[in-house]
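Structure first, then comments.
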Amino acid sequence: MARKIIPFTQKAGCQGICCEASTSILEQAAKDGVKTYVQRMENMSAQPCLFGQGGTCCRNCSFGPCMLIDGVAESVGICGATPATVAARNFARMVASGAAAHMDHGRETALTFLATAKGETPFEIKDEKKLHFIADLYKVKTEGRRKEDIAIELGEKILAEFGQQEGALVMTKRAPAKRQELWKKQGVIPRGVDREVVEIMHRTHMGTDQDYRNLIFQATRCAMADGWGASMIATELQDIMFGTPVPLRTMVNLGVLSEDHVNIVIHGHEPQVPEAMAIVSQEPEIVAAAKEVGAKGINLAGVCCSGNEILMRRGIPIAGSFVQQEVVIATGAVEAMLVDVQCVMQGLANVAKCFHTELITTSPRAKIEGATHIEFELEHALETARDLTLRAIGRFKQRGKVRIPDRKMDVVAGFSHETINYMLGGTFRGSYRPLNDNIINGRIRGVGAVVGCDSCRVESGRVSTTVVKELIANNVLVLVTGCVATSCGREGLLRPEAAELAGPGLKEVCETVGMPPVLHMGSCVDNSRILIAATEIVKEGGLGDDISQVPAAGCAPEWMSEKAIAIGQYCVASGFYVVFGRTFPTAGSKVLTDFLFKEIEELYGGMWAVEEDPTEMAQMMIRHIDKAREALGIQEKKERVLFDMAMRQELDAV
Ligand code: NFS
Ligand code: SF4
């Protein structure tokens, strides 16, 4: 049965919360007078403004805000800007902001990589194979050279791409040839990383670009500089330094907090602080210090994508998703919460004040009033990490009543696109062949990427997991990243046992391989792994020669962040059909929305859609997947046959 999603604000009490574990904590917090997003939503005096929600409010100059009504001829800004122009400007600015978040993350990663190569950080070059692969892409010589020398040259080349003015970002050359041709034709290959954001900010300035198509063109080029640029750079360099993920077992949900350990929660996005914390937390002196205050040791847990980074690579558990961040503190069990950048609620500061928790900001780019600021500097990474850990230990004795819900769930995470190679291909022949074959023979209907945030405007987590369950029940293999992955983890969907919920074909594949039907591919910058996985499927052959032909679709059922818009736009530009949940930021302009939902398909082979009902979201993806299967001539379930070269070519020619 389809579940009607009722906006949280229309309900009384705590019904919009993701799981029972959170509900119990939030109810107690409310009784104790601790204010979280629940109270803040109730206190919100007005319903969301329709102009703001639909993208037709402009305040790009002091004549505004100009609030425009679509379809009314005289409803234009004082400057004459139409609803389509205003909505396109606002959309482009969302892309710019979202992309900039990933770009700054990518830049920090590149700087850390370079410093690591020079021996100035406690990190190392862990994945030499990937170092060589990426070095080859960037035409950095590898033969007979020390890995550090390769990394220095590579790091400098990558860093230079951020300020590059002309040319093309190197990572875009990884896409299928046909896709690259299309991008060239459309002119959307990014010239540099930062330039594309600056150009959006310029074009959207009062009185500049006033053609919605031209604005969306630049938004696309900027989004490309995120997905096929900064995010991919972040993922690959992080893998080289911290290790490319391989499948591992760990846990998620509030129950991963420990009653008898010092709990340090790491929240935000960049993996430098989490990695340093992971290194020092097991040091004998640190453990001894924890024991001195009566704790058994240090328990690290993650929130949001910082959590996903160390979950994927180190198996460190996740205490909560985005919506759960305040709940984590409200357990009373957290000695310190370290936050760096993005998706950190300012409300945390007040929640922390109600407990013994110290909220600590670590990035010079993101301070919060009322939080302690301890800057994390790479050159003193471990000293700072020790200092942070000791501060947390110092708080242990101040703990009041602790309420850790007895809720945690097993998850298997760590599916890099390289792992999918081996997982499905077997150790003796790592390739995407078996995946492609199973898609061709119909056991797997297609691939669904369900990504993005969890939202407190809906029954958070529930919308995403309903989409995911519907997809796997229909034999769609699901890839997840970000907070959706945490939601799926809480519901047990990231365990091989979840194959029980899959349709017969997908179930058979999962059981043969021993993998879950829902594969956790990492944080939100790791959506770049999905781009590469789709590319590998194309290159393997038999499923068309471009990403837009692959039976696949993307979805962000509970999106909230501007990053999600940037991600959606680069997925559309890469040929994906992308469904967003609940609300779409251009809804106030029919012209622009029609362009993004329909006409854009002619340009990129991908397009947007929006839908509130999760079952319908999944069905929309499935219909798209079936359409792609039909176009490939594989819509009927076929028995598994071994493909020889001639047959592959025949399929390629379809
Ligand atoms: Ni993605 Fe990750 Fe979560 Fe959304 Fe925020 S943490 S970068 S933006 S809320 S998934
Ligand atoms: Fe109004 Fe135009 Fe100024 Fe925007 S730029 S606030 S539409 S006058």
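One-based numbering, in listed order, for ligands and for the atoms of each.
For atom 5 (Fe) of ligand 1, the set of nearby N, O or S atoms under 2.8 Å includes none belonging to C483.
The side-chain heavy atoms of V463 and M617, taken from C-beta on, include a pair separated by under 4.5 Å. Using a 4.5 Å cut-off on side-chain heavy atoms (C-beta onward), I200 and Q218 make contact. Between F415 and P247, the closest side-chain pair of non-hydrogen atoms falls below 4.5 Å.
Of the heavy atoms in S561, only side-chain atoms (C-beta onward) come closer than 4.0 Å to ligand 1. Residue contacts with ligand 1 for M560 involve side-chain atoms from C-beta outward but no N, CA, C or O (heavy atoms, distance under 4.0 Å). In M67, neither the side chain nor the backbone holds a heavy atom less than 4.0 Å from any atom of ligand 2.
For W228 and Y570, the ring centers are positioned 6.0 Å apart or more.
The nearest protein atom to atom 6 (S) of ligand 1, hydrogens excluded, is given as H269 NE2, 3.2 Å; this is a heavy-atom distance.
Short contacts between ligand 1 and C305, defined as distances under 4.0 Å to a heavy atom of the residue, involve ligand atoms 2 (Fe), 6 (S), 7 (S). Within ligand 1, the atoms closer than 4.0 Å to a non-hydrogen atom of C524 are 1 (Ni), 2 (Fe), 7 (S), 10 (S), numbered from 1 in the order shown. Interface of C453 with ligand 1, defined as ligand atoms under 4.0 Å from a residue heavy atom, comprises 4 (Fe), 8 (S), 9 (S), 10 (S). Short contacts between ligand 1 and F322, defined as distances under 4.0 Å to a heavy atom of the residue, involve ligand atoms 9 (S).
K563 pairs in a side chain to side chain donor-acceptor pair (under 3.5 Å) with only one of the listed residues (H269, H102, H105), which is H269. Each of T331, N299, T357 was compared with N263 under the side chain to side chain donor-acceptor pair (under 3.5 Å) criterion, and only N299 meets it.
Under 3.5 Å, the side chains of T85 and Q210 contain no donor-acceptor pair of N or O atoms. Side-chain contact of R365 with S363: a donor-acceptor pair under 3.5 Å is present, judged by distance alone. Side-chain polar atoms of Q272 and E108 form no donor-acceptor pair below 3.5 angstrom.
Under a 3.5 Å cut-off, the side chain of R529 and the backbone N or O of D526 do not form any donor-acceptor pair.
For the pair H205 and ligand 2, no heavy-atom separation below 4.0 Å is found. Ligand 1 does not have S523 within reach: every non-hydrogen atom of the residue lies 4.0 Å or more from it.
Sorted by chain and number, the protein atoms of type N, O or S within less than 2.8 Å of atom 1 (Fe) of ligand 2 are C66 SG.
Within the structure, no pair that satisfies the salt bridge (charged side-chain N to carboxylate O under 4.0 Å, His left out) test touches residues 51-72, not counting sequence neighbours.
Heavy atoms of other residues, nucleotides or ligands lying less than 6.0 angstrom from NE2 of H202 number 12 at most.
Nearest to atom 5 (Fe) of ligand 1 by heavy atom, out of G522, C343, G452, is C343.
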